[in-house]
Amino acid sequence: MTNNVRVRFAPSPTGPLHIGGVRTALFNYLFAKKHGGTFVLRIEDTDQNRYVEGAEKYIIDALNWCGIPFDEGPNKNETFGPYRQSERKQLYKQYAEELIASGNAYYAFDTADTLDFHRKDHEAKGKTFIYNWHNRLKLSNSLSLSAEDVKAKLDAGDDYVIRFKSPQDETLHLTDIIRGDIKIDTNILDDKVLFKSDGMPTYHLANIVDDHLMEISHVIRGEEWLPSLALHFQLYKAFGWEAPEFAHLPLILKPTGKGKLSKRDGDKLGFPVFPLQWTDPKTKEISRGYKEDGYFPEAMVNFLAFLGWNPGTEQEIFNLEELITAFDLKKVNKSGARFDPDKIKWFNHHYMQEQHNDVLAEAFKNHNTELAEIDINYISMVIDLIKERASFVFDFWDLSHFFFSAPLSYDEKASKKAFKDDTKDILSEVVSIVNNIEDFSVANLQAAIKGWITTNEIGFGKVMMPLRLALVGALQGPDVFDIMYMIGKTESVKRIKNVISTL
């Protein structure tokens, strides 16, 4: 492995960053940090027709929220800048012309109508049209035309593209860190377009030139780019440059395990596919984000790390530092990774338990106007009692509302179960016991009420069920004595008397 590890995440600013892109960024980040390297962000915006306002900022905000910020990129440590391809376009033409000069590329003047005719003609014959060695001399390009004709077309300003001249009758031997050795017959490759007459390169040329100039040592990207590996390998060879090492990550599959995960799957099944909420600048359509849905970034990172990678142990909970230590590209699977919405909830539940109660209390208070006047320390104590049952801050209110206000009604099914003929007398006695406790603590409450139950040989359920119903309004919640201690003696007595008079 090279001594200077440099990897890049190179998204296109055509919309919000998909969860698959976040996974690619994460794996690049982990690899860079494991090897003391540099994580580069490059914005590949050569296709200006698809550029979406705000997408670049969204990408950067998403990486920062996940806790995987780039080391080098737009407006940050611009050692090899600029980092937007649209600001580098003057570089690419000279490299395209260098390939023409070396005989590895050529001008092609074929019109869109001509190419469309050939495609349809091939389809009618049950064939597939491929622009390469077997027909390039029959088409309009600098290989089939005379030098004078080519010059005349260029001087006249005719539209053209520059195509790579794919070799004939060769076998390429490629290596991928994840997929191993790959053999490709060059006869099946088409002559890809590298540069257009509008002065803009295609992805293939731009990313090779940029990776070389930015000294990228490893290209870690999604499986969808695997078909481009042959061309990219040949471009490095044509330029006489040392190629980086390649690793193509497996696809992230739908929850069913069939097909690539899309936004439609999230909309249909009710989960986000973007890290942050996104508002489309044109349609104003809002797409949900994991941050706004109440997920912790640590949960997302831990979950994404396991989409295609396995440490080879039983351990599932990894903080970022542990992931960096354990990460190994050779432990990334070739096969697709199924996206499981329930699993990321499981991770979020775990990280909820690790959050400090005071931090959760602030978040809970900020989300609920009912808590505006409630002391933050009291809210923190409530959270300590209920957070074990929660996966999201949004769960807190349903789990704890009775700590902040008395029940206005009582669950009908629970009422029938808890209230018997003698319940009124039992609860009246409980009121007397509670009123007589001077040091109102959980321990004293428990000792007094449980002692009375035991002494009088009353079934615990006959007392505790209606008591819980009085305090909560339903048969749910944490320990009854914790609830009574938190709401206080006066409020406890008031609620017990209210259920007696109501039921």
Side-chain angles (χ1 to χ4, degrees), residues 8 10 12 42-51 78 80-112 114-115 130-168 170 172 186 189-216 219 225 227-244 246:
R8 49 72 164 177
S12 297
R42 186 172 71 230
I43 303 298
E44 302 206 336
D45 59 348
T46 52
D47 189 349
Q48 289 292 296
N49 292 326
R50 296 178 61 219
Y51 176 81
E78 296 206 2
F80 293 86
Y83 290 83
R84 297 180 189 91
Q85 284 189 336
S86 59
E87 297 171 9
R88 300 169 63 84
K89 61 182 181 181
Q90 74 283 357
L91 289 170
Y92 306 120
K93 187 171 186 181
Q94 70 185 69
Y95 287 100
E97 290 174 342
E98 185 179 315
L99 290 173
I100 290 175
S102 65
N104 289 293
Y106 58 93
Y107 294 106
F109 302 98
D110 314 275
T111 65
T114 300
L115 294 176
I130 302 176
Y131 199 131
N132 66 3
W133 60 272
H134 85 279
N135 61 12
R136 61 170 76 112
L137 293 179
K138 301 173 186 176
L139 296 162
S140 180
N141 54 61
S142 57
L143 299 177
S144 62
L145 300 170
S146 68
E148 291 78 15
D149 287 342
V150 172
K151 184 177 185 304
K153 285 181 174 292
L154 293 174
D155 290 344
D158 287 6
D159 285 341
Y160 68 86
V161 296
I162 296 176
R163 289 181 178 272
F164 182 72
K165 187 181 177 185
S166 190
Q168 182 182 353
E170 289 185 16
L172 300 180
T186 61
L189 301 176
D190 58 339
D191 291 357
K192 291 287 188 189
V193 174
L194 302 179
F195 197 83
K196 297 167 286 186
S197 55
D198 64 2
M200 291 301 285
T202 61
Y203 166 83
H204 301 294
L205 177 65
N207 103 89
I208 292 299
V209 170
D210 288 344
D211 283 349
H212 172 70
L213 296 179
M214 293 181 180
E215 299 180 6
I216 299 303
V219 173
W225 294 111
S228 301
L229 179 58
L231 172 62
H232 296 173
F233 174 83
Q234 290 180 97
L235 281 169
Y236 277 103
K237 184 179 176 183
F239 281 121
W241 298 337
E242 183 183 352
F246 288 92

Next on the checklist: Let's go through L143 and L137 carefully: what are the C-alpha distance in whole Å and the side-chain angles of both, what is the deciding distance for side-chain contact (heavy atoms from CB on, under 4.5 Å) to 0.1 Å, and is it a yes or a no?
Outcome noted: CA-CA 6 Å; L143 299 177; L137 293 179; 4.0 Å; yes
Next on the checklist: Let's go through Y203 and T46 carefully: what are the C-alpha distance in whole Å and the side-chain angles of both, what is the deciding distance for side-chain contact (heavy atoms from CB on, under 4.5 Å) to 0.1 Å, and is it a yes or a no?
Outcome noted: CA-CA 7 Å; Y203 166 83; T46 52; 5.6 Å; no
Checklist entry - Between L154 and F109, is a side-chain contact (heavy atoms from CB on, under 4.5 Å) present by the stated rule, with each step listed? => result CA-CA 9 Å; L154 293 174; F109 302 98; 4.0 Å; yes
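Going from atom CD1 of I216 over to atom CZ of R42 covers 6.5 Å, rounded to the nearest 0.5 Å. Separation of atoms CD (E97) and OH (Y107) is listed at 5.0 Å; rounding is to 0.5 Å. Taken from CG in L205 to NZ in K196, the straight-line distance is 11.0 Å, to the nearest 0.5 Å. Between the CG atom in L172 and the NZ atom in K237 there is a gap of 7.0 Å [rounded to 0.5 Å]. For the atom pair CG of L194 and NE2 of H204, the computed distance is 8.0 Å after rounding to the nearest 0.5 Å. Taken from CG in L145 to NZ in K153, the straight-line distance is 6.5 Å, to the nearest 0.5 Å.
D210 and Y83 are not linked by any side-chain donor-acceptor pair at a separation below 3.5 angstrom, with hydrogens and angles left out of the test. Side chains of N207 and R8: a donor on one and an acceptor on the other come within 3.5 Å.
Take Q234 and apply the side-chain hydrogen bond (donor to acceptor under 3.5 Å, both in side chains) test, not counting sequence neighbours, and it matches no residue. Judged as a ring pair (Phe, Tyr, Trp, His ring centres under 6.0 Å), and not counting sequence neighbours, the contacts of W241 are Y95, H212, F239.
Not a single donor-acceptor pair under 3.5 Å links the side chain of S142 to the backbone N or O of Y106. Distance alone, capped at 3.5 Å, places no donor-acceptor pair between the N104 side chain and the L235 backbone. The backbone N or O of K192 lies less than 3.5 Å from no partner atom in the side chain of D190, so there is not a single donor-acceptor pair. Judged purely by atom type and a 3.5 angstrom limit, T186 uses its side chain to pair as donor or acceptor with the backbone of P167. Remark: the backbone N or O of Y51 is not paired with any side-chain donor or acceptor of D45 at under 3.5 angstrom.
Scanning all heavy atoms of the two residues, the minimum distance from P244 to V219 falls at CG-CG2, 3.7 Å.
Using a 4.5 Å heavy-atom threshold, the side chains of F195 and L99 count as separate. For the pair L213 and F80, the minimum side-chain heavy-atom distance is 4.5 Å or more. At least one side-chain heavy atom of Y131 sits under 4.5 Å from a side-chain heavy atom of R136.
Within 6.0 Å of the CD atom in Q94, the count of heavy atoms belonging to other residues, nucleotides or ligands exceeds 12. Environment of NZ in K89: sparse, with no more than 12 heavy atoms of neighbouring residues, nucleotides or ligands closer than 6.0 Å.
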Show me the side-chain donor-acceptor pairs of residues 158-166 shorter than 3.5 Å, one per line, residues at least two apart or across chains.
from: R163; atom 1: NH1; to: D191; atom 2: O; distance (Å): 2.7

